[in-house]
Amino acid sequence: MDGYIYRISGPVVTVRGLPDAKMNDVVKVGELGLVGEVIKINGEDVIVQVYEDTSGLKPGEPTVDTEKQLSVMLGPGLMGGIYDGIQRPLDKIMEKSGDFISRGISVSPLDLKKKWSFKPTAKKGDKVSDFSIIGEVEETSMITDKIMVPIGMSGTIKSISEGDFTIDEPVAVISTDSGDKEVKLMQEWPVRYARPVKNKLPPDMPLITGQRVIDTLFPVAKGGTAAVPGPFGSGKTVIQQQLSKWSDSKVIVYVGCGERGNEMTEILSTFPELKDPKTGKPIMDRTILIANTSNMPVAAREASIYTGITIAEYYRDMGYDVALMADSTSRWAEALREISGRLEEMPGEEGYPAYLGKKISEFYERAGRVNTLNGSVGSITAIGAVSPPGGDLSDPVVQNTLRVTRVFWALDASLANARHFPSINWLNSYSLYIDNLSQWYKDTVDPEWGELYSNAMSVLQKEADINEIVQLVGYDALPESDKVTLDIAKMIREDLLQQNAFDEIDTYTSMHKQFLMLKGITLIGQKEVEAIERGVPTSQMSNIDAKAKMARMKLTPEDQIDAYFKDMQESINAIDKIKKEGE
């Protein structure tokens, strides 16, 4: 049904003449047919947020209700794609309109002409239901698409074919209570609604990232949630890129939500050139990028988060572990604030809408490790960067995010300026998954893990307390036991927690190597404590061979680490032979 534009307020347009419009319906606005979504219905007025530039629109221009909700197209061809916030492929748009996105342009998210080789895994006569897997398509060298029965289509397979098909051609026919229905390689899903699951599983398995400060001190579970707040230049984007490259997730969905164009350009230019470190294949073969920079329409920025999480749920339902990077949710919240202001809603703290906390929790609640409806196990780990003005952690977006996420990686600008990467402050950060994951660490890494972890955290906390005393009385006035604590804390900070993302060995560390590094530092600390109890001053232990070897351990290749640690243990034992001065 056609309506007309009644009022225009930036990205928010009031439409009349659409009596049958429903919430979240997609509306084509104006002569150009700009894409918009119904966000409020007030009597005869239908409020639409437009996902394109509204300059030049005039009251009276026609609008059309498509009677479809804002949805994403899911199927083979997604992987390796670069999309905007409403799933328009940027490469196809460039071919059609040049370097700048023309208003009203319509491009299919997936290639409707490309043929895909479909191999059935189900057969005629099989009973199927929601999300049942009936076949496979090799989408990239690293990802095999599991073709699933759409929701609400339960019955018996009447026919199923093997061969080459476009995403819009039927590959199977299912006999249902309401008649025969076709199954295609492609399906659609409304982005505002979570895809259903059978049940959620406890977060008892970590997402291994290879970043020592994360895996050792502040781990995130597979299917968990993490917040990465920090000021400009503190390394949020770099950390998310490292996790995209090295985490043991099978699929990466990277959402650049309102970030600066130069940051997103760097990602778009570097990711296609990166190789997956585990397979040597292009990392884009398991990555989907959603780019919605700060100079793109505000409303589309708000939609990009939902586009990303819906695509992540699609691959989760196939049984894959998915890592979703959102950079940054502050820009998304600012989009909510602007839309709320245009709607003249009562503002909450700092002008954000009163429902900001609800919106943030709804997004993070879609993460989790689950039993899917087809019986497979998949997960979505949601990691959201937060960019509070001036790094102010009391910002409403940060505080509402911390209420729903269970991992807090607090980035520190002073650490970043000191070239300490990752610049995660070990005193302000925390992980609430430690208790859930402790058994996994004991069973998979080593039974000693819990004790070593507790000791390291205790030393770092004591260091902070001692440094306050040092500022008053000076280092030389400290007792020898405190000097040893500072010495061990320095090794933890510099030899364990600090990494070089550009070094091919140090950029990633296995859990076994992380354990040996932590154990080595702990053993050195124990020997130094024993030495000062015998009267040996810490000054005599400042240049011992064991410390030099500990510093070089991070640059030791994984296949040589056991032999290196064995050799280092001999140097550690040699601390016992140090004699006190004047003996």
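Residue numbers run from 1 in the order of the sequence given. From a predicted model like this one, the values you see are computed outputs, not experimental measurements.
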Any non-hydrogen side-chain atom of [X] less than 4.5 Å from a side-chain atom of [Y]?
{"X": "Asn374", "Y": "Met148", "result": "yes"}
{"X": "Pro196", "Y": "Phe131", "result": "yes"}
{"X": "Lys28", "Y": "Val35", "result": "yes"}
{"X": "Arg16", "Y": "Val46", "result": "no"}

What I want to check is whether the side chains of [X] and [Y] have a donor and an acceptor closer together than 3.5 Å.
{"X": "Asp45", "Y": "Tyr6", "value": "no"}
{"X": "Asp25", "Y": "Gln69", "value": "no"}
{"X": "Thr405", "Y": "Thr401", "value": "no"}
{"X": "Thr209", "Y": "Gln242", "value": "no"}
{"X": "Asp317", "Y": "Thr372", "value": "no"}
{"X": "Glu345", "Y": "Ser340", "value": "yes"}

For the residue pair [X] and [Y], would you count it as a cation-pi contact if the rule is NZ or CZ under 6.0 angstrom from the ring centre and within 45 degrees of the ring axis?
{"X": "Arg195", "Y": "Trp189", "result": "yes"}
{"X": "Arg192", "Y": "Tyr306", "result": "yes"}
{"X": "Arg88", "Y": "Tyr51", "result": "no"}

Nearest heavy atoms of [X] and [Y], plus distance in Å:
{"X": "Lys245", "Y": "Ile283", "answer": "CA-CD1, 3.5 Å"}
{"X": "Ile5", "Y": "Thr63", "answer": "CG1-CG2, 3.8 Å"}
{"X": "Val253", "Y": "Ile290", "answer": "CG1-CD1, 4.4 Å"}

For the side chain of [X] and the backbone of [Y], is there at least one donor-acceptor N/O pair under 3.5 Å apart?
{"X": "Thr507", "Y": "Phe502", "answer": "no"}
{"X": "Lys200", "Y": "Ala367", "answer": "yes"}
{"X": "Gln49", "Y": "Ile339", "answer": "no"}
{"X": "Ser431", "Y": "Tyr433", "answer": "yes"}
{"X": "Arg103", "Y": "Glu52", "answer": "no"}

Q) Are any of the side-chain nitrogens in Lys250 or Asp321 under 4.0 Å away from the carboxylate oxygens of its partner? A)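 Judged by the 4.0 Å cut-off on N to carboxylate O distance, Lys250 and Asp321 do not form a salt bridge.
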Q: Apply side-chain hydrogen bond (donor to acceptor under 3.5 Å, both in side chains) to the pair Ser129 and Ser154, showing each step before the final yes or no.
A: CA-CA 4 Å; Ser129 58; Ser154 301; 4.9 Å; no
Q. Should Lys358 and Glu362 be marked as a salt bridge (Lys or Arg N to Asp or Glu O under 4.0 Å) after you check the CA-CA gap, both sets of side-chain angles, and the distance that decides it?
A. CA-CA 6 Å; Lys358 176 175 177 288; Glu362 283 176 350; 2.7 Å; yes
Q.
Just verifying a value: how many Å separate Lys68 NZ and Ser71 OG, rounded to the nearest 0.5 Å?
A.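 The distance works out to 8.0 Å.
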**Q.** Verdict with supporting geometry, Arg331 and Glu334, salt bridge (Lys or Arg N to Asp or Glu O under 4.0 Å)
**A.** CA-CA 5 Å; Arg331 309 284 178 254; Glu334 287 169 5; 3.6 Å; yes
